[in-house]
Amino acid sequence: MARILITSAIPYINGIKHLGNLVGSQLPADLYARYMRARGHEVLFLCATDEHGTPAELAAAKAGKPVADYCAEMWAVQDELGKGFRLSFDHFGRSSSPRNHRLTQHFAGRLADANLIREVSEKQVYSVADGRFLPDRYIEGTCPNCGYDKARGDQCENCTKQLDPTDLIEPRSAISGSTDLEVRETKHLYLRQSEMRDQLRDWIDSKTDWPVLTTSIARKWLDDGDGLQDRGITRDLDWGIPVRRGTEGWPGMEGKVFYVWFDAPIEYIACAAEWVDAGKGPAPDPGADKDSVWERWWRTDKGADDVRYVQFMGKDNVPFHTLSFPATILGSGEPWKLVDYIKSFNYLNYDGGQFSTSQGRGVFMDQALDILPSDYWRWWLLSHVPETSDSEFTWDGFQQDVNKDLADVLGNFVSRITKFCRSKFGEIVPEGGAYGPKETALIADLQTRLDRYQGHMDAIEIRKAAAELRAIWVAGNEYLQSAAPWTAFKEDPDRAAAITRFALNLIPFYAALSEPFIPDAAQQMADAMGTDLIWPETVERALSRLAPGHAFTVPDVLFAKIADEDREAWAARFAGTRG
RNA sequence: GGGCCUGUAGCUCAAUUGGUUAGAGCAGAGCGCUCAUAACGCUUUGGUUGCAGGUUCGAGUCCUGCCGGGCCUACCA
């Protein structure tokens with residue numbers, strides 16, 4: 001039994017995430033976690049909310065709430081939506097947790113001790129009216145290059161020229177519109193990533209099995225221009241983790257907090273500690289303290305040397321996970337677990353454009369659950385997950401694919417065989433008859449397909465795995481058509497009984513294989529057949545689990561079809577402007 | 001501007017990393033079945049692999065140029 005640590009990129013706190021966010025990290029991570037648990041491995045699957053930074057403060061202000069209250073509420077909302085999508089986190093933590101405060105401060109102290117932190121005095125724009133320093137993109141003004149009057153301080157969206165905030169003509173705060181801006185001197189801590197460039201490159205170069213998307217982004221940052229740049233890891237904000245050097249104060253850094261991208265990945269570790277604090281982990285070994293329970297996942301000197309750590313994220317997150325966070329871990333000089341495999345994703349677009357939180361364009365997690373059960377979304381999103389390039393959601397495609405795959409191919413298979421059995425033999429697995437060449441051939445075919453399916457799931461080739469799973473469902477319909485128990489029943493009821501018994505056995509087999517994709521329907525299938533979800537050791541053994549005389553019930557329709565009227569109404573409703 | 005990714009059937013995607021006649025699913029057409037959610041099965045139409053050159057015995061795959069789409073470009077996260 002292997003031990004597998006899985007983390008999903010942690011979603012930002014400022015609002016409900018859309019399906020593009022979901023499919024880019026949490027959902028594929030959940031698929032992998034469920035699969036690995038089903039295969040009997042020990043899994044720790046962690047996620048959390050990413051709560052610090054300017055956008056959180058502004059969202060809270062807009063909602064008229066203290067930022068701590070706002071984050072607590074939004075955490076609860078995201079936690080609930082995660083449950084709605086059946087995301088099987090062992091713990092859903094918060095980057096604002098006391099555990100993360102302590103760990104983040106600890107890492108900063110270690111990095112400082114290793115001479116990997118330097119202090120930099122720099123000039124930044126301060127908005128007197130807003131009472132805060134403004135990140136470059138929160139400053140608006142007229143572009144000196146093209147005259148566009150809504151250029152941002154980092155870049156003009158109109159002419160794409162990169163800007164410095166001081167380049168802007170008539171700069172103003174994007175928050176309040178105030179022009180009462182001044183340049184102030186402020187001191188910040190920088191992580192000396194450039195010192196670790198060779199070490200990081202050697203590490204990246206050793207990861208020959210990683211997706212191209214992951215390594216090419218990492219190399220770009222290592223080698224672009226003057227190479228990997230040092231990165232500021234502190235900010236002038238109120239909401240965040242106070243800058244401390246371990247447990248000591250940090251002279252000159254009073255009132256400042258760590259940069260959200262410094263503390264967010266550390267939350268992966270802190271979340272494991274939160275998991276233990278929440279009483280969810282196993283009991284510690286006799287004589288060991290409770291921290292040992294999470295440290296055996298994270299400290300290679302305390303049991304984590306045999307852990308395989310897999311991260312899931314969208315491509316925008318890759319630089320921080322391939323460079324900054326590893327620099328933090330390596331630079332600490334302590335034996336923390338480094339990531340073994342990074343699965344990164346492209347973006348999911350919505351009907352010809354991007355999902356847009358600000359414009360309310362696309363489907364958001366709460367809305368999706370309002371209109372359809374989570375299995376519909378899970379299946380479609382995972383079978384279309386943007387692995388090799390950006391992919392696209394359209395209502396037409398969604399309706400067609402879901403109706404065909406889930407209702408017609410899988411749902412109808414379960415329906416046709418259970419109802420046939422009920423009408424001819426009753427709700428009981430029939431006895432009599434013997435299996436013949438057709439059954440032998442199907443077992444062999446399914447064994448080949450199962451091996452391929454497992455191979456794809458092991459390799460986290462999600463779309464290929466989905467296609468193979470679908471082919472496994474299809475094989476059941478092919479078998480029924482070919483064996484035709486309804487015909488056999490007329491001349492040879494014993495043969496019909498054997499066919500029916502064999503086909504009924506496919507249902508728990510399908511349920512187990514399908515569970516990572518569609519957990520609710522899988523459970524319904526298993527419940528209807530009076531079995532548990534057990535991953536097959538071999539197809540032959542799996543298909544002999546339901547013995548003659550075993551009682552079952554005909555389940556309700558597993559997947560109702562999406563009607564044309566629904567599709568049209570939803571397409572109109574989600575075209576833009578949420579609400 | 002620079003970098004990376006990408007372009008294959010009407011649609012969504014494959015193609016064992018340079019190797020036979022480029023394959024699936026959906027959609028379309030025809031046939032079959034009647035157990036089933038008008039579901040299922042079988043057969044079948046459909047491609048100058050964005051364009052133009054080049055390397056090679058051989059190119060969807062490698063090189064050059066052009067055209068289109070996307071992402072990143074370090075102070076949003």
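Residue numbers begin at 1 in each chain, while the letters A, B, ... track the order of the sequences.
Across all strands shown, E122(A) has heavy atoms under 4.0 Å from base atoms, whether or not it also approaches the sugar-phosphate. Residue G15(A) is out of contact with every strand shown, counting any heavy-atom pair closer than 4.0 Å. Here V414(A) lies out of heavy-atom contact (under 4.0 Å) with every strand. Residue contacts for F559(A): at a heavy-atom cut-off of 4.0 Å it reaches a base atom on one of the strands shown. Among the atoms of the strands shown, none is found under 4.0 Å from any heavy atom of G397(A). Using a 4.0 Å heavy-atom distance criterion, V260(A) is classed as a sugar-phosphate-only contact. Using a 4.0 Å heavy-atom cutoff across all strands shown, F320(A) reaches at least one base atom of the nucleic acid. Across all strands, K419(A) comes closer than 4.0 Å only to sugar-phosphate atoms, never to a base (heavy-atom distances). Counting any heavy atom pair closer than 4.0 Å across all strands shown, S391(A) reaches sugar-phosphate atoms only and no base atom. Q400(A) comes within 4.0 angstrom of the backbone, heavy atoms only, and of no base. Among the protein residues, N412(A) comes within range of the nucleic acid bases, having at least one heavy atom under 4.0 Å from a base atom.
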Review point. How is the base pairing of RNA chain B summarised as a dot-bracket string, given the Watson-Crick and G-U wobble criteria with both distances under 3.5 Å, [ ] for crossing and | for another strand?
Key: (((((((..((((.....[...)))).(((((.......))))).....(((((..]....))))))))))))....
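An OP1 or OP2 oxygen of A77(B) is reached within less than 4.0 angstrom by a side-chain nitrogen or oxygen of Y259(A). Of the side-chain N and O atoms in R416(A), none sit less than 4.0 angstrom from OP1 or OP2 of C40(B). Within the structure, a side-chain polar atom (N or O) of Y347(A) is placed less than 4.0 Å from OP1 or OP2 of C72(B). Taking only side-chain nitrogens and oxygens, R422(A) never comes nearer than 4.0 Å to OP1 or OP2 of A36(B). The phosphate of C4(B) has neither OP1 nor OP2 within less than 4.0 Å of any side-chain N or O from K315(A).
Checked by atom type, the side-chain pair Q26(A)/N21(A) shows no donor-acceptor distance below 3.5 Å.
Less than 6.0 angstrom separates the ring centroid of F489(A) from the ring centroid of F425(A). Between H321(A) and Y268(A), a ring centre-to-centre spacing shorter than 6.0 Å is recorded. Ring pair Y350(A)/F393(A): centre-to-centre distance below 6.0 Å.
Centre separation under 5.5 Å together with a plane angle under 30° does not hold for the ring of F420(A) and the six-membered base ring of C35(B), so they are not marked as stacked.
Annotated as syn: U17(B), whose glycosidic dihedral is within 90° of 0.
Looking at W261(A), its side chain comes within 3.5 Å of the base of A77(B) through a donor and an acceptor atom.
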Point to revise | Residue pair R152(A), D154(A): steps toward the salt bridge (charged side-chain N to carboxylate O under 4.0 Å, His left out) verdict | key: CA-CA 5 Å; R152(A) 292 189 321 211; D154(A) 58 338; 3.2 Å; yes
